[in-house]
Amino acid sequence: MEFATIPIMSSEPNKKVVTRFAPSPTGFLHVGGARTALFNWAYARANGGEFILRIEDTDKARSTPEATKAIIKDMQWLGLDWDQGPDPDADDPYANQIGDRGPYFQSQRSGLYDDAVKKLFEKGRAYYCFKTAEELDALRKAARAAKKPYQYDPADMLALNADKDALQARLDAGDEHVVRFKMPDHDVAVNDEILGEVVVQQAELEDFIIVKKDGGPTFHLANVVDDAAMGVTLVMRAQEHLNNTPKHVALFEALGLEKPRFAHIPLIFNSDGSKMSKRDKAKVARQAAKDAKLESVDGIDGQLFADFLAKKNDELPVALVIAKQLDLVLPEIDVADFRDSGYLPEVLDNYLSLLGWSPGNDVERFGPNPLSFLKENFTLDRIGKSAAKFDRDKLAKFNTEAVVMLPVDDFAARLKAHLAAHYPEYDDLVANDAHFKAFCEGYQERSRSLDEPAKGGRFFVCSDDEIVYDFTPKGIKKAMMKNDGEGFVMLERLVEAFGDLPEEGFGNAAHDWMAKTAEAESLNMGKIAQPIRVAVSSGTVTPPIDATLNILGKARTLTRFKNCIAVKPA
Ligand code: GLU
């Protein structure tokens with residue numbers, strides 16, 4: 001693949017806005033990253049600018065092509081498109097890229113970083129450093145003991161670098177080393193679009209590493225070189241990067257590159273004030289395992305499990321197995337988690353954009369197409385400074401509203417895709433148009449997500465033997481056991497009555513029978529419907545009886561009636 005040489009763009013006012021999302025492909029796209037991507041996308045789109053996707057894969061050990069592909073997939077799912085970056089539709093995004101300032105994988109741009117390092121050496125702003133990790137540790141400890149901020153002391157290294165022969169001898173001997181950037185001898189100011197001016201005192205500035213032991217560039221170097229080379233005019237990222245920005249500003253200046261504008265967006269916290277992270281899954285799984293007094297879990301090493309319980313590790317595989325064993329939904333963190341849980345992408349777009357931004361006037365719901373809304377309305381001046389709270393209940397509420405409002409065909413198409421992706425046991429039901437239509441009608445208005453019909457409707461697709469009856473929960477006890485087991489008496493009667501009904505249109509015929517009988521005997525319909533629900537589903541909530549029995553059919557309905565009667569408690 002050939003790429004044009006990269007022009008260094010200037011960042012004058014009034015020029016086209018260029019933003020970028022620059023994930024490190026070391027794992028799935030989490031909500032924080034998605035929010036950053038969304039804000040950058042929105043700002044570019046709102047200003048007729050360009051949005052770049054750049055993959056920051058300088059950490060060779062932790063970056064994977066799978067993570068890159070997953071990030072691309074998740075961004076596509078959220079509806080975020082980019083003007084430059086890996087081609088989202090290509091099988092191999094590394095080989096197929098769009099835009100004239102690529103490549104967009106840092107692993108493919110090493111020549112640029114080498115040039116920048118050379119330039120810094122020429123300007124006396126880079127030097128080799130041979131200090132070992134232990135030596136640095138000792139220096140840090142000493143600084144702590146003296147209650148001083150730790151500042152790397154470059155004097156001896158600079159002296160060594162000045163002595164060309166001695167330096168060359170160490171390099172020739174293959175002594176392990178890094179390259180450090182010599183920070184300026186003055187304070188560094190970051191003019192943040194959101195936080196205002198943030199000044200870091202010279203005494204706090206540490207000469208940081210720009211070339212690692214393995215010869216590769218660090219995040220700082222590659223990030224700055226690429227933002228300049230790609231003509232990025234606004235760097236918008238989470239506040240956790242604020243510590244990095246003075247380093248980046250100093251690098252831009254030392255390299256004689258035009259600085260972009262910077263905007264640091266608020267962190268996202270859980271409702272309890274803790275930082276939202278992957279560990280939240282471990283936390284919930286651990287508590288559930290303790291509550292359920294689990295002593296071991298399938299396929300997980302005993303020691304690993306014991307350590308997990310003792311908070312000595314937060315291993316995700318352990319959390320996942322616990323969740324599976326206890327039928328538990330772990331808190332969603334990654335975009336893929338939300339997709340798997342049946343959230344609609346536009347709901348996530350809408351909700352995520354409220355984490356640190358608002359359009360004003362208490363507007364929170366952006367209609368059926370939140371991305372269009374953002375394109376029209378997104379501005380930097382409405383981004384807040386303080387941390388945002390991730391309110392799961394509010395997100396679930398948004399999702400419920402959106403699911404109910406979906407046009408029927410749209411709901412059916414999305415549910416179909418969700419079932420195909422996660423629940424192959426629904427294949428037959430989905431393939432039967434009439435049944436699937438009834439299923440959708442039965443569930444749309446009662447679903448908080450696309451996953452609820454799948455979970456709630458399991459009784460439609462399991463075998464009759466898999467239905468396990470428990471008559472102790474309150475609603476079931478009432479429906480079946482009250483007045484000397486009147487629910488069972490009704491079921492016995494229904495076995496007879498429904499046995500005479502036609503197979504074709506069974507659910508409708510059953511419903512007619514129920515309506516007539518209720519009227520003739522002045523019976524509440526619930527007295528007939530609830531025992532039916534319990535018998536066919538082992539629960540008290542199903543879609544309307546006619547739809548439910550149409551899908552189940554006569555034979556399965558009668559078998560379940562009989563199975564239920566057979567386990568009547570004495
Ligand atoms: N690769 C960095 C990250 O994922 C990018 C930071 C930035 O946006 O500059 O955090």
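Indexing begins at 1, ligand by ligand and atom by atom, following the structure's order.
For atom 9 (O) of ligand 1, the nearest non-hydrogen atom from the set His248, Glu240, Arg237 belongs to Arg237.
For the ligand labelled ligand 1, residue Arg20 lies inside the 4.0 Å heavy-atom shell.
Here Arg180 does not pair with Asp207 in a salt bridge; the nearest charged N to carboxylate O distance is not below 4.0 Å. A salt bridge links Glu346 to Arg414: one of the charged nitrogens lies within less than 4.0 Å of a carboxylate oxygen. Using a 4.0 Å cut-off between a side-chain N of Lys or Arg and a carboxylate O of Asp or Glu, Lys275 and Glu240 qualify as a salt bridge. Between Lys385 and Asp192, none of the side-chain N atoms (NZ, or NE/NH1/NH2) sits under 4.0 Å from a carboxylate O, so this pair counts as no salt bridge. The pair Arg20-Asp226 does not meet the salt-bridge criterion, since no charged nitrogen lies less than 4.0 angstrom from a carboxylate oxygen. Remark: Glu135 does not engage Lys131 in a salt bridge, criterion side-chain N to carboxylate O under 4.0 Å.
With respect to atom 6 (C) of ligand 1, the closest heavy atom belonging to the protein is His241 NE2, 3.4 Å. At the top of the distance list for atom 5 (C) of ligand 1, counting protein heavy atoms only, stands Ala22 O, 3.1 Å.
Ligand-side atoms of ligand 1 in range of Glu56: 1 (N), 2 (C), 5 (C), range being under 4.0 angstrom from any heavy atom. Those atoms of ligand 1 that come under 4.0 Å of a heavy atom in Ser24, given as number and element, are 1 (N), 2 (C), 3 (C), 4 (O). Close contacts between ligand 1 and Phe219 involve ligand atoms 2 (C), 5 (C), 6 (C) [criterion: under 4.0 Å to a heavy atom].
Under 4.0 angstrom from ligand 1, the non-hydrogen atoms of Asn223 all belong to its side chain.
A perpendicular orientation is assigned to the rings of His177 and Tyr128, their planes being inclined by more than 60° (bins at 30° and 60°).
Among the atoms of Met236, none of the N or O lies under 3.5 angstrom from an N or O of ligand 1.
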